[in-house]
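Everything on this sheet refers to the single structure shown next.
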Amino acid sequence: MRITFKDVAGIEEAEQELVEIVDFLKNPEKYQRLGGTIPKGVLLVGPPGTGKTLLAKAVAGEAEVPFFSMSGSEFIEMVVGVGASRVRELFSNAKKEAPAIIFVDELDAIGRRRGGNVNFGGSDEREQTLNQILVEMDGFDSRNAVIVLAATNRPDVLDPALLRPGRCDRRVTVQRPDRVGRKAILDVHTRGVPLDPNLSLETIAEATPGLVGADLRNLVNEAALLAARRERPFVTQVDFFDAMEKIILGAARQLVLNEEDRRRVAYHEAGHAILGLLVPDADPVHKVTIVPRGQALGVTYSVPADDRFNYTERYLRGRIVGALGGRAAEEIVFNVVTTGAENDLKQVMEIARQMVTKWGMSKEVGLLYLSRDDGEDYLGSSGGGVSRDFGEELTATVDKETRRIIDESYQDAIQVLTQERHRLDALAEALLERESLDEPEILQVVGLPAKERSRPALVQASATAAPHGLPPQTSADPR
Ligand code: ADP
Ligand code: MG
Ligand code: ZN
């Protein structure tokens, strides 16, 4: 079946940039008549699953030209020389059928920067394959109307030779879809799926920040399978949310905790949830559960009200306070410290560190940008390591400021939870009794109004709907 732009959704900007390529392929003469050169190589850059391969196929489909493809990873284990001849063959076939598309997936697997002092055309298979690609790209001229589309999620490691003019000199960025984009992608993948008339794909799109096209397709599929197992005539919202939990957290586990551990997990999760509800600007809490799943003993889901690209200091503080809520609740209630907060502390450290080193949110450090530029720019990512080039004193200040932010936040968490102890107890008890509570149930149990939802979101793509969990190697989980 021919794939076209109708099958691609939610990545309009990238699609728009490729419309021109389609036109080149359809009417090469139109462009050549005036002496213009058709681009030879376009690099599609974006995280896995955002639809790069799909987009390349859609370009071929729209232009109704043949699609030749190879993947960088195929060449890793090949016998020396085979890669290069495979490349030659591919280009030669494509030229015969021109206009045509050659798609090189995972370009970084072969196209990595070549080692400095290795002799040119080195013995290594990867390098020979890369050289052959360069030779082929230089060898055909744009009259051939063969366009190379290459995909990667690591443009930073590519050999600069690949990016020179006349090679992959155009770059199209494929972004993670925003809320509107996710809705559009869900529309595409639910075309043939009978849906409950009450189901709102908008809501699903809202609850899935961070997910990319491939994840969303997977989500639709899992939801449909669940609905079938439940012998429903159509797929419902519940099926979608259950599928989402399963995908994000792994299937529910049969794990029997003793009463004391259950209580501790219940209070831990209740601590997160209460703070999520009470701290201004924290993300709204969608669900709390103490059913162990995957790696987690308990989970508090909070989903950002919208995808965002820009965070206020208040929001970040709110997130830190919320993440410390589990530990704070354990300390207040049991006066015992467990290892159950490992994940939380990791997340907290990452956020606080970045506040200090990247975002100018510490007066002492000021507006210095101290982070290594490792391409990581999402919250919850591993960014934020301080480069040691900045000297010991500054490094010590960064450590001190990071600690200050975390300590202050922890005090806030303790204070709010102590003050709201009755709500904490009520929620923990309800969890022990019912195991999972969704948003309306939580609000009812703790006696709080729903949180104001519309916050000025400053555009798109952001932290994943970080579910948060207790790792199993905790004293709260002796197995
Ligand atoms: P990538 O090449 O960027 O890793 P793929 O194109 O292989 O991503 O995506 C895998 C599958 O996920 C696609 O075949 C398609 O079914 C679905 N998908 C990914 N992105 C999108 C999108 N933007 N619109 C519709 N479906 C998508
Ligand atoms: Mg792909
Ligand atoms: Zn926790």
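Atoms within each ligand, like the ligands themselves, are counted from 1 in listed order. Just so we're clear, the structure is a prediction, and the values are computed from it rather than from any experiment.
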Inset, instruction - Output yes when a side-chain donor or acceptor of Arg423 lies under 3.5 Å from a complementary backbone atom of Ile274, and no otherwise. - result: no

Legend entry - Minimum-distance protein heavy atom relative to atom 18 (N) of ligand 1: Gly213 C, 3.6 Å

Inset, instruction - Work out which heavy atom in Ala270 is nearest to a heavy atom in Ala428; give both atom names and the distance. - result: CB-N, 3.9 Å

Legend entry - For atom 12 (O) of ligand 1, closest protein heavy-atom neighbour: Ala214 CA, 3.2 Å

Legend entry - Close N or O approach (Gly49, ligand 1; < 3.5 Å): yes

Legend entry - Contact partition for Lys52 relative to ligand 1, non-hydrogen atoms under 4.0 Å: both

Inset, instruction - Determine whether the side chains of Glu350 and Gln354 contain a donor N or O and an acceptor N or O closer than 3.5 Å. - result: no

Legend entry - Heavy atom of His189, distance to ligand 1 below 4.0 Å: yes

Inset, instruction - Please confirm whether Leu54 comes within less than 3.5 Å of ligand 1 when only nitrogen or oxygen atoms on both sides are compared. - result: yes

Legend entry - Parallel, tilted or perpendicular, as decided by the 30° and 60° cut-offs, for the rings of Phe334 and Tyr267: perpendicular

Inset, instruction - Measure the distances from the heavy atoms of Pro48 to every atom of ligand 1 and state whether one is below 4.0 angstrom. - result: yes

Inset, instruction - Return the residue, atom name and 0.1 Å-rounded distance of the protein heavy atom closest to atom 8 (O) of ligand 1. - result: Gly51 N, 3.2 Å

Legend entry - Under-4.0 Å salt bridge between Arg262 and Glu259: yes

Legend entry - Residue portion contacting ligand 1 (non-hydrogen atoms closer than 4.0 Å) for Thr53: both

Inset, instruction - Measure Thr50 to ligand 1 on non-hydrogen atoms and call it side chain, backbone, both or neither using the 4.0 Å cut-off. - result: both

Inset, instruction - Please check if the side chain of Asn218 supplies one atom and the backbone of Ala214 the other of a donor-acceptor pair under 3.5 Å. - result: no

Inset, instruction - Say whether Thr236 and Asp239, considering side chains only, have a donor N or O and an acceptor N or O under 3.5 Å apart. - result: yes

Inset, instruction - Taking only heavy atoms of Ile11 into account, list the atoms of ligand 1 that are under 4.0 Å away from them. - result: 23 (N)

Legend entry - Rounded to 10 degrees, the angle OD1 of Asp344 makes with NE2 of His272 at the Zn ion (ligand 3): 100°

Legend entry - Ala9 touching ligand 1 at heavy-atom level, < 4.0 angstrom: yes

Legend entry - His268: which of Arg327, Arg263, Glu330 passes side-chain hydrogen bond (donor to acceptor under 3.5 Å, both in side chains): Glu330

Inset, instruction - Specify the protein heavy atom at minimum distance from atom 25 (C) of ligand 1: its residue, its atom name, and the distance to 0.1 Å. - result: Asp7 O, 3.3 Å

Legend entry - Ion pair check, Arg170 and Glu17, cut-off under 4.0 Å: no

